[in-house]
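Position 1 is the first residue of the sequence; numbering continues from there. All heavy atoms count here, side chains included; hydrogens, waters and symmetry mates do not.
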Amino acid sequence: MDQGSISRILKQVSGGEDEIQQLQKALLDYLDENTETDASLVFSRKFYVAQWFRDTTMETEKAIKSQKDEDSSEGTHHAKDVETTGQIMHRAESRKKFLRSIIKTAPSQFSTLKMNSDTVDYEDACLIVRYLASMRPFAQSFDIYLTQ
């Protein structure tokens, strides 16, 4: 991964969200911007939004399950674990809120959501997709699957 390019894109993209959400917003803006030239980008955009929403839901469920498993096995609360789960829940809710706002936006309103048309080009969009894909659980555990 070209971390320098990712950092450059994050600097160009305005927003106080976490870096994953900023990259998602930049990618969605790129897809919105180029829907006139390629109709398949509309479906790509919907796929990414649905996949990210699903990932956020799965992350939340996994955090709740791990907290319940730890509570039942140890019988006591650890403040650090509860705080971590709370942070995960808060981050998941903010991501879901962001994705819901994207879903509710009518296609005619996409142009009002665009940040800056010069922010992301095709190469940057490909880099963002690779970076976000590398953050997925399967990509992170790919070496384990290969060794097995």
Side-chain angles (χ1 to χ4, degrees), residues 1-71 80-148:
M1 285 293 149
D2 186 4
Q3 192 62 38
S5 295
I6 294 291
S7 298
R8 178 185 48 81
I9 293 169
L10 287 171
K11 287 179 186 175
Q12 290 175 345
V13 176
S14 62
E17 304 92 10
D18 60 40
E19 74 175 27
I20 300 295
Q21 193 170 338
Q22 288 176 326
L23 292 173
Q24 288 173 345
K25 186 183 291 188
L27 182 61
L28 290 175
D29 288 343
Y30 171 79
L31 293 173
D32 290 340
E33 188 175 297
N34 293 296
T35 55
E36 292 87 24
T37 58
D38 189 0
S40 67
L41 294 180
V42 173
F43 298 106
S44 298
R45 183 183 182 280
K46 290 179 181 180
F47 171 78
Y48 279 126
V49 170
Q51 187 65 45
W52 295 333
F53 196 88
R54 180 185 170 278
D55 289 347
T56 302
T57 303
M58 296 298 287
E59 180 182 334
T60 305
E61 290 174 359
K62 189 184 291 185
I64 291 171
K65 184 180 178 197
S66 68
Q67 181 183 7
K68 286 181 182 178
D69 290 345
E70 289 175 5
D71 288 347
K80 186 177 180 181
D81 293 337
V82 172
E83 181 182 10
T84 304
T85 304
Q87 290 172 346
I88 291 171
M89 298 292 286
H90 179 69
R91 186 175 63 239
E93 284 304 314
S94 67
R95 286 183 183 172
K96 283 183 179 182
K97 184 178 179 182
F98 163 71
L99 293 171
R100 283 188 194 109
S101 70
I102 295 295
I103 292 169
K104 291 179 183 177
T105 305
S108 61
Q109 296 172 333
F110 288 162
S111 60
T112 61
L113 290 178
K114 292 180 187 171
M115 295 172 297
N116 184 1
S117 61
D118 299 333
T119 301
V120 178
D121 59 0
Y122 178 76
E123 289 80 20
D124 288 344
C126 290
L127 179 66
I128 291 171
V129 169
R130 285 194 310 268
Y131 181 79
L132 291 174
S134 72
M135 304 300 275
R136 296 182 51 82
F138 180 74
Q140 293 177 348
S141 60
F142 194 67
D143 291 336
I144 295 170
Y145 290 120
L146 286 176
T147 56
Q148 290 180 354

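- Side-chain atoms of Asp18 come within 3.5 Å of backbone N or O of Gln21 as a donor-acceptor pair.
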Can you list the steps and then say if Ile102 with Lys25 is a side-chain contact (heavy atoms from CB on, under 4.5 Å)? CA-CA 9 Å; Ile102 295 295; Lys25 186 183 291 188; 5.9 Å; no
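- For the pair Gln22/Ile9, no side-chain contact is recorded, criterion being any heavy-atom separation below 4.5 Å from C-beta on.
- Atom-to-atom distance recorded for Leu127:CG and Tyr122:OH is 12.5 Å, nearest 0.5 angstrom.
- What you find for Ala92 and Thr60 is that their closest heavy atoms are CB-OG1, 3.1 Å.
- Partners of Phe53 according to the ring pair (Phe, Tyr, Trp, His ring centres under 6.0 Å) rule, which considers only residues two or more places apart in sequence or in another chain, do not exist here.
- When all heavy atoms of Leu23 and Ile128 are compared, the pair lying nearest together is O-CG2, 3.6 Å.
- Counting only heavy atoms from C-beta outward, the side chains of Arg8 and Gln12 approach each other to under 4.5 Å.
- Atoms CG and CD, on Leu10 and Gln3 in that order, are 8.0 Å from each other to the nearest 0.5 Å.
- Residue pairs meeting the ring pair (Phe, Tyr, Trp, His ring centres under 6.0 Å) criterion with at least one partner in residues 27-52, sequence neighbours excluded, are Tyr48-Trp52.
- Counting heavy atoms from C-beta outward, Met89 and Ile64 have side chains that approach closer than 4.5 Å.
- Salt bridge Arg95/Asp55: absent, no basic N to carboxylate O contact under 4.0 Å.
- Taking each heavy atom of Ala63 and Ser66 in turn, the nearest pair found is O-OG, 2.9 Å.
- Taking the side chain as every heavy atom from C-beta outward, Ile20 and Leu132 approach each other to under 4.5 Å.
- Atom CD of residue Glu19 and atom OG of residue Ser7 lie 8.0 Å apart, to the nearest 0.5 angstrom.
- The side chain to side chain donor-acceptor pair (under 3.5 Å) test with Arg45 singles out one residue from Asp29, Asn34, Asp32, and that residue is Asp32.
- You'll find the side chain of Val49 reaches within 4.5 Å of the side chain of Leu28, heavy atoms only.
- Nearest heavy-atom pair across Val120 and Ala125 is CG1-N, 3.6 Å.
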